[in-house]
Amino acid sequence: MRWSTYFLYTLRDNPSDAEVISHQLLARAGMIDKVAAGIYTYLPLGWRSVEKLQRIVREELNTAGAVELVMPSVAPAELWQESGRWQAYGKELLRIKDRHDREFVFGPTHEEVITDAVRRRVTSYRQLPTNLYQVTTKFRDEIRPRFGLMRGREFIMKDAYSFHASAESLDETYRAMERAYRRVFDRCKLSYTAVEADTGNIGGSESHEFMVLASTGEDAVAACACGYGANVEKAITGPIAPPPAWPAPVPAKPEAVHTPGASSVADVAAFLKLDAAHFIKTMIVETDKEFAVALVRGDDEVNEVKLKNVLDCTHLALASEARIEQLTGGAMGFSGPVGLTGVRVVADPEVMRLAVAATGANRADHHLVGVVPGRDFTPEVVADVRVARIGDPCPRCGAPLDIKRGIEVGHIFKLGIKYSSKMACNYLDEKGLSHPMIMGCYGLGIGRTVAAAVEQNHDEHGIVWPRPLAPFEVELIALNPDVPAVRDAAEKLYADLQAAGVEVFYDDRDERPGVKFNDADLIGFPVRVVVGKKGVELGQAELSLRRDRVKVTAPLADAVAKARELLESA
RNA sequence: CGGGGCGUAGCUCAGCCUGGUAGAGCACACGGUUCGGGACCGUGUGGUCGGAGGUUCAAAUCCUCUCGCCCCGACCA
């Protein structure tokens, strides 16, 4: 491809709305173009990367036994009403009406459509398992799209759905998909980790996320050298260190202490000369079902995802000040579990391990000290609801956990019968009995993976594409295209590289050398071949790898072979 | 949805506080000099100052409303 006839326009300045490096570089390199918040055009160069990733994904999924199809973006509301998600999905679901006022959704995911397609065809265990996938454009009307391709509203995603007659069969496919994902990300040369994850509103029993490690990642993952890894939403830990010894005799019953104006744990701890870990932090929450109270140790934070699962609810928020006063009889900021009635109390195990503690007195400007869990209050539920912290013991081996940030590029779920039971997607077993099919679903963000690759592979000059995702493999630069000898040498190299099957992008523009070099660094193809006046006089071309930018020269006649050699090491 | 910020030329931005003929750099066009790491000189093209309403002799500038975009938070597969 010749630059002069291609559609590539690089930017000298970062777009003012680009925050993260992948967004800045993809925009400056002329690969994406924002059309509206969270909605992008893939320009020709960007689309080539996307297509390369799609090809890799298709190859690995086909190998794993999945079969490709394409479902429509727009689906009738009836299917979503049948699954219950018309109600449950919320505002992220883009709902549209046609000219007859019939309601449709622009699909954010396709469980309903695929389940409908399968139930109308598959009726016997003999037809199972089956695993279907597509690579399509999805739309989720995110509250706040951001970070370019990393959290768009419209985005390209590969989604696969498998149907089974047994949990064993699902497990087999789940493992096969996990292996396929590993091969995809390995082939893209990405540094990633697969971690245990929460299933969120999709539902299901088991779930893993594939995280590309990057400081700009939106998710935090807890990881241990022993191999344990989990999204912090899900991460569990071993028992954490107890607080320092209680500095006074433990009273027979809690004593109220005047703590004027001090409601944060840090303030009260300083005031009472106690450690934050001596406190029981009391959070009053409101769910779609009830009000509830969550207790964690004073130096811990409540993990809302874990709490949601414990309370079995879909929405959860902090209760209003008025509600808190009504439920506890005291001011906000001074709540505690002692004497609380009429609400479910969920205590973290670390709270129950406290020998003695301090907490709010349910009375303005007062705290209770000498509270003994189990003696002075008894929670309805004891369950892990704390956020894992860096340095906490690994639940498997006890070593300190590390917490890193990651970009979620893939997520696989064991769905179970959540959709098949609601939508009557059933099969007959060998005895003629009807059962809902057991399902799995497997998502992989295409655009997000390309963005993650840039986050992980760049330097101060621009993108450093891993070869499998690079739009082109070689950038050929004719430094002085107006010099006939240079032009001829470059043209011959261009033709020879193409004949050798190398994806070559030929910068034949009438630009100054500096412009061409800087653009080459910015768009970041793995190998650069430069033909200039001095080199041509010596019969030489200059080659370099984008990764280290170390220049070597080779006779023009050997330049193609040298370029291929460099590509192999790219 | 709460808090904050920004909308002025294709891009990045100044001008707004304190109302008075709309600016710079880059890009683009033409001429010339240059040509191995984002050249220089000269000339030139290009803007309903996001939109609507209001105040005023006069509004990019002040006021009201509205739309869009960005950041923080809440939310979320």
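In what follows, chains carry the letters A, B, and so on, assigned in the order in which the sequence lines appear, proteins first and then strands, with residues in each chain numbered from 1.
- Side-chain proximity of R144(A) to the nucleotides G38(B), C71(B), G36(B) is greatest for C71(B).
- Rounded to whole Å, the separation between the P atoms of C49(B) and A60(B) comes to 7 Å.
- At a threshold of 4.0 angstrom between heavy atoms, the contacts of R528(A) include nucleobase atoms, whether or not backbone atoms are also involved.
- Contact annotation for K516(A): no contact, since no heavy-atom pair falls under 4.0 Å across all strands.
- As judged by a 4.0 angstrom heavy-atom cut-off over every strand, K138(A) is placed among residues making no nucleic acid contact.
- Nearest to the side chain of D13(A), among C35(B), G73(B), C11(B), sits C11(B).
- Rounded to a whole angstrom, the distance from the C1' atom of C6(B) to that of G38(B) is 28 Å.
- Residue contacts shown for N14(A) are limited to sugar-phosphate atoms, with no base heavy atom under 4.0 Å away.
- Among C13(B), C76(B), A39(B), the nucleotide with an atom closest to any side-chain atom of V515(A) is A39(B).
- Straight-line distance between the P atoms of U45(B) and G25(B): roughly 15 Å, to the nearest whole Å.
- You'll find that the side chain of A36(A) is closest to C69(B), out of C69(B), C76(B), C71(B).
- Each of C76(B), C69(B), C75(B) was ranked by its minimum atom distance to the side chain of A37(A); first place goes to C69(B).
- Among the heavy atoms of the strands lying under 4.0 Å from P15(A) are primed sugar atoms or P, OP1, OP2 only; no base atom is included.
- Rounded to whole Å, the P atom of A74(B) lies 38 Å from the corresponding atom of A52(B).
- Across all strands, R549(A) comes closer than 4.0 Å to base atoms (heavy-atom distances).
- Across the interface with RNA chain B, nearest-nucleotide mapping of M157(A) and E19(A) shows E19(A) to be the residue nearer the 5′ end.
- Among the protein residues, D17(A) comes within range of the sugar-phosphate backbone only, with heavy atoms under 4.0 Å from sugar or phosphate atoms but none that close to a base.
- For K34(A) and R146(A), each mapped to the nucleotide of RNA chain B holding its nearest heavy atom, the one lying further toward the 5' end belongs to K34(A).
- Within 4.0 Å of E233(A), counting heavy atoms only, lies no atom of the nucleic acid at all.
- Considering only side-chain atoms of P513(A), the nucleotide from U34(B), G36(B), C13(B) that sits closest is G36(B).
- Distance from the side chain of N480(A) is smallest for C35(B) among the nucleotides C69(B), G37(B), C35(B).
- The residue E408(A) sits close to a base: some heavy atom pair falls under 4.0 Å.
- Residue I143(A) has its side chain nearest to A74(B) when only A74(B), C76(B), G37(B) are considered.
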